Amino acid sequence: MAPAKLYNELLPLKLSFEQLKQNGYPFWCSTSSQAVFAATANNKKDWAAPNDFYRKCSRCSKGFYLNPDGTANAQKCVYHHRAKWDPLTGKKHLPCCSAKPGPSTKGCLVEDRHVFSQSWEDTLWEFVVSPQAKGKDDHRSNKVFALDCELVHTLNGLEVARVSLVDMKGKVLLDTFALPVFEVISFNSTFSGVTEKDMESAISLEACRLQLFQLINSETLLVGHSLESDLKALRLVHHNVIDTAVLFSIVDPSRSYILKLSLQNLAKKYLCKDVQSEASGHSSIEDSHTCMELLATRHLLSVKL
Ligand SMILES: [Zn+2]
Ligand SMILES: [Zn+2]
């Protein structure tokens, strides 16, 4: 199928301006040359002012303070992996042990440092906008690619450690390790699949984005699962997005709010596939493939991929 035709078929599924705002996607403010986010309760907590050293651990939920120079002292972090919700049974379970999920159970895992997702506010000035198309024959326009990043915990919240771009046929166009700017607290290897050794071949985030810009421009349709996290960590503003977390979200009748299913649950439900179950952590290539496959099931394309 011609790429331009596929692009036009999928274009109606892209997030609207309102959806980008509601789901925490970065926007560009040209007057101050920085990224801005819609003022939602969640977004407010993402960026810390220079005098705000308070952080909340994303594993054990404990609050703590960074040192005045931005470093973090060793503090015991006792936690469980995040509870997983099974859409088939409607129940939550812990993937790490047999304890019942809930605030009363003591964690089964111990690390010597807390981790957090909040970044320094001045990071907003490091964002860039994906490049404009160079004329109407730009090879990057009218393309549909899946983007996925693996993130690691650093002293500046979540940073990118691996970026991958896959086309609709599953061909890997880019798979690069990126070196986080700040000191890494945890590689989060169980989930990211990234290890310290991978950093030996890593390039800078800037170089990584330049490689990405050889393949995408602002018109490229990017497919991903909760792509706002990837774009935030890539420090990139890009608005032509199909987000499988939004596309497949369900309104929970009992709690009457929109529920986003994990990629793992979506793969189980719609593709009858177990993903992210590798002992080495999941890979961004696998995630990108899964997003593309999900899209093919949801959107009845008139022509096969
Ligand atoms: Zn902790
Ligand atoms: Zn546990």
Side-chain angles (χ1 to χ4, degrees), residues 24 26 35 46-48 55 57-59 66 70-72 77 79 81-82 109 111-120 123-124 126-128 130 145-166 172-216 222-238 245 262-264 275-291:
D46 285 346
W47 310 100
R55 299 289 183 272
C57 178
S58 21
R59 282 192 303 227
L66 292 176
T71 57
C77 179
Y79 67 104
H81 284 316
R82 191 171 292 170
L109 301 162
E111 297 289 341
D112 55 9
R113 284 165 100 184
H114 293 302
V115 294
F116 51 93
S117 57
Q118 214 177 22
S119 305
W120 293 111
T123 309
L124 293 169
E126 284 161 26
F127 275 68
V128 296
S130 44
F145 298 138
L147 172 73
D148 189 51
C149 298
E150 298 303 337
L151 313 182
V152 296
H153 291 289
T154 76
L155 285 172
N156 193 28
L158 289 166
E159 289 193 61
V160 168
R162 185 180 179 183
V163 184
S164 66
L165 196 73
V166 173
V172 179
L173 304 173
L174 179 76
D175 185 20
T176 308
F177 288 106
L179 202 58
V181 178
F182 284 72
E183 183 195 324
V184 175
I185 302 175
S186 164
F187 279 97
N188 205 16
S189 301
T190 315
F191 299 105
S192 70
V194 178
T195 63
E196 196 168 359
K197 186 139 183 45
D198 292 326
M199 294 298 103
E200 287 170 12
S201 61
I203 57 172
S204 71
L205 174 64
E206 215 176 358
C208 198
R209 276 193 310 219
L210 286 176
Q211 285 193 1
L212 189 64
F213 293 159
Q214 298 292 313
L215 301 158
I216 71 160
L222 292 180
V223 181
H225 194 76
S226 293
L227 212 52
E228 78 281 6
S229 320
D230 306 66
L231 293 174
K232 243 192 270 181
L234 269 176
R235 321 297 187 214
L236 177 62
V237 178
H238 185 91
S262 66
L263 195 60
Q264 198 174 27
V275 297
Q276 301 179 359
S277 51
E278 295 278 318
S280 57
H282 70 269
S283 104
S284 35
I285 302 290
E286 187 190 37
D287 284 2
S288 298
H289 280 308
T290 308
C291 282

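As the structure is a prediction and not an experimental result, all values here were calculated from the model.
In this structure, Val152 and Val160 have side chains that are not in contact, with every pair of non-hydrogen atoms separated by 4.5 Å or more. Two residues are said to be in side-chain contact when any heavy atoms from C-beta on lie closer than 4.5 Å; Leu124 and Trp47 meet this criterion. Considering only heavy atoms from C-beta on, Val166 stays 4.5 Å or farther from Leu173 through its side chain. Proximity of Leu234 to Cys149: side-chain heavy atoms (C-beta onward) are separated by under 4.5 Å at one or more points. Looking only at side-chain heavy atoms (C-beta outward), Phe187 and Val194 come within less than 4.5 Å of each other. Side-chain contact between Leu222 and Leu165 is present, with heavy atoms from C-beta onward closer than 4.5 Å. With contacts defined as side-chain heavy-atom distances shorter than 4.5 Å, the pair Asp46/Gln118 does not qualify.
Residues satisfying the side chain to side chain contact (heavy atoms under 4.5 Å, CB included) criterion with Leu158, sequence neighbours excluded, are Ser117, Leu151, His153. Asn188 is linked by a side-chain hydrogen bond (donor to acceptor under 3.5 Å, both in side chains) to nothing, counting only residues two or more places apart in sequence or in another chain. In this structure Glu183 satisfies the salt bridge (Lys or Arg N to Asp or Glu O under 4.0 Å) test together with Arg113, sequence neighbours excluded. Annotation: side-chain hydrogen bond (donor to acceptor under 3.5 Å, both in side chains) contacts of His238 (sequence neighbours excluded): Ser130. Residues satisfying the side-chain hydrogen bond (donor to acceptor under 3.5 Å, both in side chains) test with Ser58, not counting sequence neighbours, are none. For Val181, the side chain to side chain contact (heavy atoms under 4.5 Å, CB included) criterion is met by Glu159, not counting sequence neighbours. Annotation: side chain to side chain contact (heavy atoms under 4.5 Å, CB included) contacts of Gln211 (sequence neighbours excluded): Leu174, Thr176, Ile203. Checked against ring pair (Phe, Tyr, Trp, His ring centres under 6.0 Å), His225 has no partners two or more places apart in sequence or in another chain. Contacts of Leu179 classified as side chain to side chain contact (heavy atoms under 4.5 Å, CB included), with partners at least two apart in sequence or in another chain: Met199, Ala202. Take Ser119 and apply the side-chain hydrogen bond (donor to acceptor under 3.5 Å, both in side chains) test, not counting sequence neighbours, and it matches no residue.
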Discussion item. Evaluate Leu236 against Phe127 for side chain to side chain contact (heavy atoms under 4.5 Å, CB included), listing each step before the verdict.
Written reply: CA-CA 5 Å; Leu236 177 62; Phe127 275 68; 5.6 Å; no

Item to complete: Would you sort out whether Trp120 and Asn156 count as a side chain to side chain contact (heavy atoms under 4.5 Å, CB included), showing the intermediate values?
Response: CA-CA 6 Å; Trp120 293 111; Asn156 193 28; 3.2 Å; yes

Discussion item. Pair Phe177, Val163 - check side chain to side chain contact (heavy atoms under 4.5 Å, CB included), show working.
Written reply: CA-CA 6 Å; Phe177 288 106; Val163 184; over 6 Å; no

Practice prompt. Before giving the answer on side chain to side chain contact (heavy atoms under 4.5 Å, CB included), spell out for Glu111 and Arg59 the whole-Å C-alpha distance, their side-chain angles and the decisive distance to 0.1 Å.
Written response: CA-CA 10 Å; Glu111 297 289 341; Arg59 282 192 303 227; 3.4 Å; yes

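Listed by first and then second residue, the salt bridge (Lys or Arg N to Asp or Glu O under 4.0 Å) pairs that reach into residues 187-200 are Lys197-Glu200, sequence neighbours excluded.
Note that the CZ atom of Phe116 and the CG atom of Leu155 stand 5.5 Å from one another [nearest 0.5 Å]. Summarising the geometry, atom SG belonging to Cys291 is positioned 11.0 Å from atom CD belonging to Glu286; distances are rounded to the nearest 0.5 Å. Summarising the geometry, atom CZ belonging to Arg235 is positioned 6.5 Å from atom CD belonging to Glu126; distances are rounded to the nearest 0.5 Å. Rounding to the nearest 0.5 angstrom, the gap separating the CG atom in Asp287 from the OG atom in Ser164 is 8.0 Å.
Checked for salt-bridge contact, Arg162 and Asp148 miss the test: no charged N lies under 4.0 Å from a carboxylate O.
The shortest heavy-atom contact between Pro26 and Val237 is O-CG1, 3.6 Å. Shortest non-hydrogen contact noted between Gly24 and Glu228 is O-CB, 3.6 Å.
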